[in-house]
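One structure below.
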Amino acid sequence: MSYDAQEVETRWQKIWADTGAFEADADPSKPKFYCLEMFPYPSGSMHMGHVRNYSIGDAMARFHRLMGRNVLYPMGYDSFGMPAENAAKKEGGHPHSVTHRNIASIRADQERMGYSYDWRRFLATSDVDYYKWNQEMFLMLNERGLVERRMAPVNWCVDCDTVLANEQVKNNRCWRCGLEVVQKDMAQWFLRMTEYSDELLDDLDNIAFPENVKAMQRNWIGRSHGAHIDFPVSNSKAVIGAFTTRPDTIFGVTFITLSPEHPLCGELCAGTEWEANWRELRDECARMSEFERINMLKEKKGVFLGRHAVNPLSGEVVPIYAGNFVVASYGTGAVMAVPGHDQRDYDFAKRYGIEIRRVLVEKADDDSNAPLNEAFEGYGPMVNSGCDGFDGIAGDAAKDAVIAALEKTGAGHGKVEYRLKDWLLSRQRFWGTPIPMIHCGSCGTVPVPSADLPVELPLDVTFSEEQSGNPLASHDTFVNTPCPSCGGAARRETDTMDTFYDSSWYFMRFCDANNDSTPFNREIVDYWMDGGVDLYIGGIEHAVMHLLYARFFTKATRDAGLNEIGEPFGTLVCQGMLNAPAPFCTNCNAEYHVDNFGGDCPSCGKPLGTRSAKMGKSLGNTVSPGDMVGKFGADTVRLFILFGANPEAGMDWSDSALEANYRQINAVIDAVGSAQAMESSPGIMDEWLNARLRVNQSIWREVMESVSLREGVMISHFGMLSDWNWYRRRGGCDRETARAFLEGWIPMLAPATPHIAEEFWHQLGVQGLLAEHALPDITDSSNDAPVLAREAYLRNIITSARNLRGLAERHTEKEISQVVIQTAPAWKSALARDAIRLESEGFDFKVEGQTHLQSLDIFQNEALRGEIFQTWMALTTGSKKKRGRIHTWSDGERAQIFSGIDETGTIAANSEFIANALEVSSIEVYPVGEGEDIGGKAQVAFPLEPGISFL
RNA sequence: GCAGGUGUACCCGAGUGGUCAAAGGGGUCGGGCUCAAGAUCCGAUGCAUAGUGCUUCGCAGGUUCGAAUCCUGCCACCUGCACCA
């Protein structure tokens, strides 16, 4: 049977929308589930990466609705940002219209996929009814002292014409366009995220983020414990403050290194013979590109500044250098150099002939004067301190002792340093939230009063490719405004906010998206956000950007009393990459555009092979979701995506796999059709099918709860189908049973393939929509083992007989036509029962097994003694590779044996079926000894594993 | 260099110390159905073998009665950070 996916899917989509099936409101009497995907930037149409993201989310949202939870599942658009501004320039329009055109397009794509969003909560961050709350909260942050405007060296992207935050610079390149960033000194707006450094770091221990995301955030925050030490400059009032994580090596300091940009450098060497060298080094570092820097930094280079500093503990005088490897922005931009115990300083000291001194040994009794061939960077007892009270102590105790000594003399103190910087918020672009600040010549910088919000982006701006800079700056009516404080002429801030600000709280806005008096109602947010968003799905690329900003924002708003939760996301799932084949040259280890398929490598000329590579425009190995939906329907695409790989794993696009999933959908449709057309004829298989349903249901629920969607789909779309097929093959044909099976099965189909599931539900004639249906509690399946074991017994016999048939064919000239099955003799079954019983009583077979066996009556039968012994061992201890059967039998099998299953009778009752499966015309079955021992198989016969011979 | 991760059959991918020659899918091969094709259904897919045997889960060792699973070392690949003091 084929079905019209387009008709079925769009019909149900309309019904779901018309009935408001997915609309959810806060209701403290119900358990909630907040399912959220990282909302998209609306860039025209939806791509396969989106499809994967949302198909995972939608399946989970639908699953949790089935489980009776109140599910919040919203969708909106992160619609501020440069692409719309650039597009507007290109076409001479306004970013606002570009954005809304794109939103309409991507939303239509999403709707066609059947995603179950509560569209009442739609939001676009570039709409003033969203970004006015950005401004409102900015004022709140400002009042709480978390906003700061300061002059700072910042990362500037020439291409994007704006500054970037630290998090947005990857390998010295802009995260968006890939162009190298340059350093500029500018007055900029910052959010003081570093106020939350410790909390951001420590809370990572308690949230369910993937390990790699946590590692990246820890790395990014980069907390290190150490000491701040002041080194006075000889013959000067100047003091060099240095941060070190190794105060225990302070007596090994033989020089001080400043970053070339350090303000003291110029001061120290001004007017001396050393000044020229320093200027040269400083200028060299300033113009270094990333590429050059990596190359140059292999070479540690420095210049002496002509002055000396005093070690505050030892009083020793050491030279001061400027070094190219010292980073100005970390710590104080000054390093106390300990060449004996820091490899970098060691290399530097070697090069410039500076003393290398050992002040730590590895073990207590090591020679304290042993020469160092490389820096010893580990911890060990202090030596050669030159001061009393330090030699011999090691590690943290040593650090603490040095810090205590420093604090006593006021020369330093314990200090924690972070790599994390404050969040540089301002952008010199138009398409973002205007920063609600006003610059007044007499009052300084004044916040826009809350009552005057929003500061709206003007719509009467024309964009063209010729213009550069921020159009806001030249928009007179925007810029010129009276000062809210003195009423005099003033100018508006024309910088706008980083778009990551928008996404730092949208998950809270979604909870109460239509609130027009506050950003959101606290109670509503506390309901939906309790424990964080229950499932947050998105790409790993935001590990240290969005995910860190959002965590900061949630904590800051919590402290402002806007919400009570401190962490925004409970479980985070980062979906894996979507790959597709691309031409690949093994020789050059390079991938090429799909246009090169079948050709030769453009660089080395060798024939190109194929490799799976991340789907993307640059390789052209993309697949259009729209095309696939048009061809196979949304359900097939969704099934393919979910079945292709578990959410976190990478997955490969495959046309043949997609088609296979389409066939699977058709098979399911056929099966459901056959189930609906059943006669009423109860039989032995009904009980089995019911049992299988119960087993599958409980596993399914378990794996779905843990977001193992692939396993879930395997059960719902593959396992259930094969069970149904087996039922029918075995003669199952009962209307009542089939209906019960469908009532259990169809809801399981809904998370991945909601449209066909809803269609089936409708065909069943159940009241109400499946989309709104909640599943009843699971029925008890504790008594299902025997009936499942019975079927498993037959399947095992058929499987092993099939294998044997192949062998048998080689040993006989004639066509095989008959099977003789000899079931285990009564004494073997009796032994098996005995072993099972003893095992349940905790009997120790290793110690007492043989004695027990010899005490049995049957053991007196000398003719059988060898076989009895073998059987006993196979039952109890097993062999080196195989455990005894009493350990490997399932509960059902044990029950079968213990209750004395009539193997002969079972096989005889199903002989026709077995004969068909084995393609033989007749089956003979009897217990060993009650007929001829055909082929000597009596010996092989074992409980549940009869001897089988082909004739 | 540091951190996180990965390595399973032709391919993709499951895999709690024993029920693992290893789920499921793709592909391939064979069969049933069909006038035929497609769809669907059934079966096979490491080697050997009239059944309990051998070899295999990146490589090499080890722990264990028993290892794909635990430990150690190494190799390869991916991701992130990187003279961060």
Side-chain angles (χ1 to χ4, degrees), chain A residues 1-2 170-171 210-220 222 224 226 242-246 249 257 293-294 297-300 323-327 329-338 342-345 347-348 417-419 540-541 543-544 577 612 643-646 648-652 654 656-664 666-667 670-671 708 710-711 713-715 718-719 722 725 728-729 799-812 846 870 874 877-885 887-890 893 916-917 919 935-937 940 942 945 947-950:
Chain A
M1 161 191 165
S2 71
K170 307 269 159 184
N171 288 328
E211 274 315 308
N212 55 342
V213 174
K214 287 193 191 184
M216 279 189 246
Q217 293 212 350
R218 286 195 184 105
N219 206 334
W220 189 259
S224 44
F243 175 72
T244 178
T245 55
R246 296 299 301 272
T249 63
T257 322
R293 218 175 114 212
I294 286 172
L297 287 180
K298 283 180 185 155
E299 188 192 2
K300 287 160 190 56
N324 65 350
F325 57 91
V326 180
V327 180
S329 60
Y330 185 76
T332 60
V335 178
M336 65 169 219
V338 184
D342 181 292
Q343 190 57 41
R344 200 183 31 192
D345 296 338
D347 295 343
F348 192 91
E417 199 64 54
Y418 302 88
R419 191 173 165 273
I540 185 80
E541 64 273 18
V544 288
M577 274 185 194
S612 200
F643 184 60
N646 259 330
E648 307 84 6
M651 84 177 273
D652 289 353
S654 152
S656 62
L658 182 71
E659 282 163 31
N661 282 289
Y662 185 62
R663 291 200 294 271
Q664 194 71 22
N666 278 298
D670 279 353
S708 298
R710 189 171 193 276
E711 278 176 78
V713 166
M714 241 153 76
I715 294 167
F718 292 83
S722 10
N725 286 334
R728 295 188 66 202
R729 247 180 100 196
T799 307
S800 46
R802 257 194 199 116
N803 292 335
L804 288 168
R805 192 197 155 103
L807 301 180
E809 274 166 357
R810 282 183 242 171
H811 286 259
T812 174
K846 266 188 199 157
Q870 274 182 357
T877 51
S879 63
K880 195 165 180 114
K881 290 210 78 171
K882 218 167 191 166
R883 295 181 87 196
R885 297 290 209 289
H887 299 110
T888 63
W889 275 324
S890 69
E893 286 170 320
N916 277 334
E919 297 170 47
K937 297 297 174 192
V940 190
F942 203 82
E945 297 164 56
I948 301 168
S949 53
F950 285 84

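Only a predicted model underlies this, so the values are computations on that prediction, with no experimental measurement involved. Chain A is the first sequence line, chain B the second, and so forth, proteins listed ahead of strands; every chain is numbered from 1.
When the side chain to side chain donor-acceptor pair (under 3.5 Å) test is applied to A/Q217, the partners found at least two apart in sequence or on another chain are A/R551. A/A671 is linked by a side chain to side chain contact (heavy atoms under 4.5 Å, CB included) to A/L721, A/W724, A/W745, counting only residues two or more places apart in sequence or in another chain. Partners of A/Q343 by side chain to side chain donor-acceptor pair (under 3.5 Å), not counting sequence neighbours, listed by chain and number: A/D347. Under the side chain to side chain contact (heavy atoms under 4.5 Å, CB included) criterion, A/S708 pairs with A/N646, A/V703, A/S706, A/E711, not counting sequence neighbours. Residues satisfying the salt bridge (charged side-chain N to carboxylate O under 4.0 Å, His left out) test with A/D342, not counting sequence neighbours, are A/R344. For the salt bridge (charged side-chain N to carboxylate O under 4.0 Å, His left out) test, no residue two or more places apart in sequence or in another chain qualifies with A/R419. In this structure, the side chain to side chain contact (heavy atoms under 4.5 Å, CB included) partners of A/S224, at least two apart in sequence or on a different chain, are A/F243, A/T245, A/Y330, A/E417. The salt bridge (charged side-chain N to carboxylate O under 4.0 Å, His left out) test applied to A/R710 returns no partner, not counting sequence neighbours.
Between the base of B/rG4 and the side chain of A/K214 there is no donor-acceptor pair shorter than 3.5 Å.
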For nucleotides 7-13 of chain B, list the nitrogen or oxygen atoms of the protein found under 3.5 Å from its nitrogen or oxygen atoms, one pair per line.
{"residue": "B/rG13", "atom": "O2'", "partner": "A/R710", "partner atom": "NH1", "Å": "3.1"}

Below 3.5 Å between N/O atoms, which protein atoms pair up with nucleotides 26-33 of chain B? Just atom names and distances, please.
{"residue": "B/rG26", "atom": "O2'", "partner": "A/S656", "partner atom": "OG", "Å": "3.3"}

What are the atom names and distances for every N/O pair under 3.5 Å that joins the protein to nucleotides 41-48 of chain B?
{"residue": "B/rC42", "atom": "O3'", "partner": "A/R729", "partner atom": "NH1", "Å": "3.4"}

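By the 4.5 Å heavy-atom criterion applied to side chains, A/M577 and A/M651 are not counted as neighbours. By the 4.5 Å heavy-atom criterion applied to side chains, A/I540 and A/M216 are counted as neighbours.
For the strand RNA chain B, secondary-structure stems (runs of at least three Watson-Crick or G-U pairs, all distances below 3.5 Å) span B:1-7 with B:75-81, B:10-12 with B:24-26, B:27-31 with B:41-45, B:58-62 with B:70-74.
In this structure, A/R344 reaches the B/rC84 phosphate: one of its side-chain N or O atoms is under 4.0 Å from OP1 or OP2.
Using a 4.0 Å heavy-atom cutoff across all strands shown, A/F718 reaches sugar-phosphate atoms only and no base atom. Residue-level contact check: A/F942 touches neither bases nor backbone, having no heavy atom under 4.0 Å from any strand.
Spacing of C1' atoms, B/rA9 relative to B/rG25, comes out at 14 Å, to the nearest Å. Taking the P atom of each, B/rG1 and B/rC70 are spaced 26 Å apart, rounded to whole Å.
The side chain of A/N212 lies closest to B/rG4 when the candidates are B/rG25, B/rG4, B/rA50. Of the candidate nucleotides B/rG4, B/rA85, B/rU19, B/rA85 has the atom lying nearest to any side-chain atom of A/Y330.
Considering all non-hydrogen atoms of both residues, A/R218 and A/E211 come closest at NH1-OE1, 4.3 Å.
Using cut-offs of 30° and 60° on the angle between ring planes, the pair A/W889 and A/F942 is tilted.
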